[in-house]
Engineer: 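Below is one structure. I have some questions about it.
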Amino acid sequence: MHKSVHMDTMHLTDKQSAVLEYIRERRTEGFAMPTVREIQQQFGFSSPFAATRHIMALEKKGFLNRAGGRARSMILNDPHTPRWLNIPLLGAIPAGLPVDAVEQPDRCITVDADSIRLPKNSRTFALEVRGDSMVDAGILDRDIVILELAEPRNRDIVAALIDGETTLKRYLVNKNRPFLRAENPKYPDLIPAQELVIQGVFRALIRINHSRS
């Protein structure tokens, strides 16, 4: 566990501040932590040891930690640095009448976990919405929804497999019997005849572009 530290950059030299800012920028832009060699090249240090000295100084002053002393394993002790997650984008999900979903498991989206308030170690995936059945919940056609593998609660929005077909709807329970409801009055409630399996619980939405070609 990392100890709590007070981040006072006034205690850094100009070069240490520059190295710290370089590391922060790399993380903010979603890149991996720089190696000692990359820091050496960035600042024109004469040897890798010069870069290592600045890293050790930042570590000693509480601005970062290194697991096993390796640069790639540096962790910034900075609450303002984004915690990036790569979330698999598993194709599209209907927000209309249920149909078979098409999976595309090789695609990912990168998100700042803290900005969308994802809990640490959550198991998540993303789907692109197709349809208008959830518009009154603010979920539009071609939005990307991020879902967590979790148990649903009454009134959660979920990705669900209902009688063999997938859809995005609100999960409701009436007299201990679950069913699905759209957030658009033109769509009927969906009551499972045989099977209702919750595949993921809605946690966040990403709106990239709604323009049409």
Engineer: If I compare all heavy atoms of Thr166 with all of Gln199, which pair ends up nearest, and what's the gap?
Structural biologist: CG2-OE1, 3.3 Å

Engineer: Can you tell me how far NZ of Lys169 sits from CG of Asn184, rounded to the nearest 0.5 angstrom?
Structural biologist: 9.5 Å

Engineer: Quick check: do Met56 and Lys60 have side-chain heavy atoms less than 4.5 Å from each other?
Structural biologist: no

Engineer: Check whether any side-chain heavy atom of Val129 lies under 4.5 Å from a side-chain heavy atom of Leu140, and answer yes or no.
Structural biologist: no

Engineer: Do Phe45 and His54 have ring centroids that are under 6.0 Å from one another?
Structural biologist: yes

Engineer: Look up atom CD in Glu128 and atom CG in Leu168, then write down how far apart they are to the nearest 0.5 Å.
Structural biologist: 12.5 Å

Engineer: Where do Ile87 and Ala126 come nearest, in terms of heavy atoms and distance?
Structural biologist: CG2-N, 3.7 Å

Engineer: Would you mind telling me which of Ile146, Leu149, Val145 makes a side-chain contact (heavy atoms from CB on, under 4.5 Å) with Phe125?
Structural biologist: Leu149

Engineer: Does atom CG (Asp14) have a neighbourhood of more than 12 heavy atoms from anything else shown, all under 6.0 Å?
Structural biologist: no

Engineer: Is there a chain of hydrophobic side chains (I, L, V, M, F, W, Y, each step under 4.5 Å between heavy atoms) that links Tyr171 to Ile191?
Structural biologist: no

Engineer: Are any of the side-chain heavy atoms of Leu147 and Val158 separated by less than 4.5 Å?
Structural biologist: no

Engineer: Determine, stepwise, if the pair Phe202 / Ile139 fulfils side-chain contact (heavy atoms from CB on, under 4.5 Å).
Structural biologist: CA-CA 11 Å; Phe202 173 80; Ile139 300 175; 4.1 Å; yes

Engineer: Under the 4.5 Å side-chain heavy-atom rule for ILVMFWY, direct or indirect, which residues accompany Phe49?
Structural biologist: none

Engineer: Tell me, please, which residues at least two apart from Glu183 pass side chain to side chain donor-acceptor pair (under 3.5 Å).
Structural biologist: Arg170

Engineer: Give the C-alpha distance, both sets of side-chain angles, the deciding distance and a yes or no for side-chain contact (heavy atoms from CB on, under 4.5 Å) between Arg130 and Asp141.
Structural biologist: CA-CA 5 Å; Arg130 297 292 172 84; Asp141 182 47; 4.0 Å; yes

Engineer: In terms of hydrophobic clustering (I, L, V, M, F, W, Y; side-chain heavy atoms under 4.5 Å; direct or indirect links), are Val173 and Ile162 co-clustered?
Structural biologist: yes

Engineer: Are Tyr22 and Val36 linked, directly or through other ILVMFWY residues, by side chains that come within less than 4.5 angstrom of each other?
Structural biologist: yes

Engineer: Kindly say whether Gln194 contributes a backbone atom to a donor-acceptor pair with the side chain of Asp163 at under 3.5 angstrom?
Structural biologist: yes

Engineer: Please report the shortest heavy-atom distance between Pro192 and Pro178, naming the atom on each side.
Structural biologist: CD-O, 3.6 Å

Engineer: Just one of Asp189, Leu196, Leu172 clears the side-chain contact (heavy atoms from CB on, under 4.5 Å) bar with Leu180, so which one?
Structural biologist: Leu196

Engineer: Between Arg203 and Thr124, does the side-chain contact (heavy atoms from CB on, under 4.5 Å) criterion hold? Intermediate values first, please.
Structural biologist: CA-CA 9 Å; Arg203 293 296 186 235; Thr124 55; 5.7 Å; no

Engineer: How close do Ser122 and Glu148 get, counting heavy atoms only, and between which atoms?
Structural biologist: CB-OE2, 3.6 Å

Engineer: Could you list the residues that satisfy side chain to side chain donor-acceptor pair (under 3.5 Å) with Asp136, not counting sequence neighbours?
Structural biologist: none

Engineer: Got Ile109 and Ile144 here, is their nearest side-chain heavy-atom distance under 4.5 Å?
Structural biologist: yes

Engineer: Do Ile157 and Met134 have side-chain heavy atoms sitting under 4.5 Å apart?
Structural biologist: yes

Engineer: Is there a path of hydrophobic side-chain contacts, each under 4.5 Å between heavy atoms of I, L, V, M, F, W or Y residues, that connects Ile55 with Leu12?
Structural biologist: yes

Engineer: Is any side-chain heavy atom of Val201 less than 4.5 Å from a side-chain heavy atom of Arg153?
Structural biologist: no

Engineer: Taking all non-hydrogen atoms of both residues into account, name the closest pair between Ile39 and Val19 and its distance.
Structural biologist: CG2-CG1, 4.3 Å

Engineer: I'd like to check Ile23 versus Phe63 (side-chain heavy atoms, cut-off strictly below 4.5 Å). Are they in contact?
Structural biologist: no

Engineer: Following the transitive rule for hydrophobic clusters with a side-chain heavy-atom cut-off under 4.5 Å over Ile, Leu, Val, Met, Phe, Trp and Tyr, establish whether Leu90 and Leu205 coincide in one cluster.
Structural biologist: yes

Engineer: On a heavy-atom basis, which atom in Lys186 and which in Asp132 lie closest, and how many Å separate them?
Structural biologist: NZ-OD2, 3.0 Å

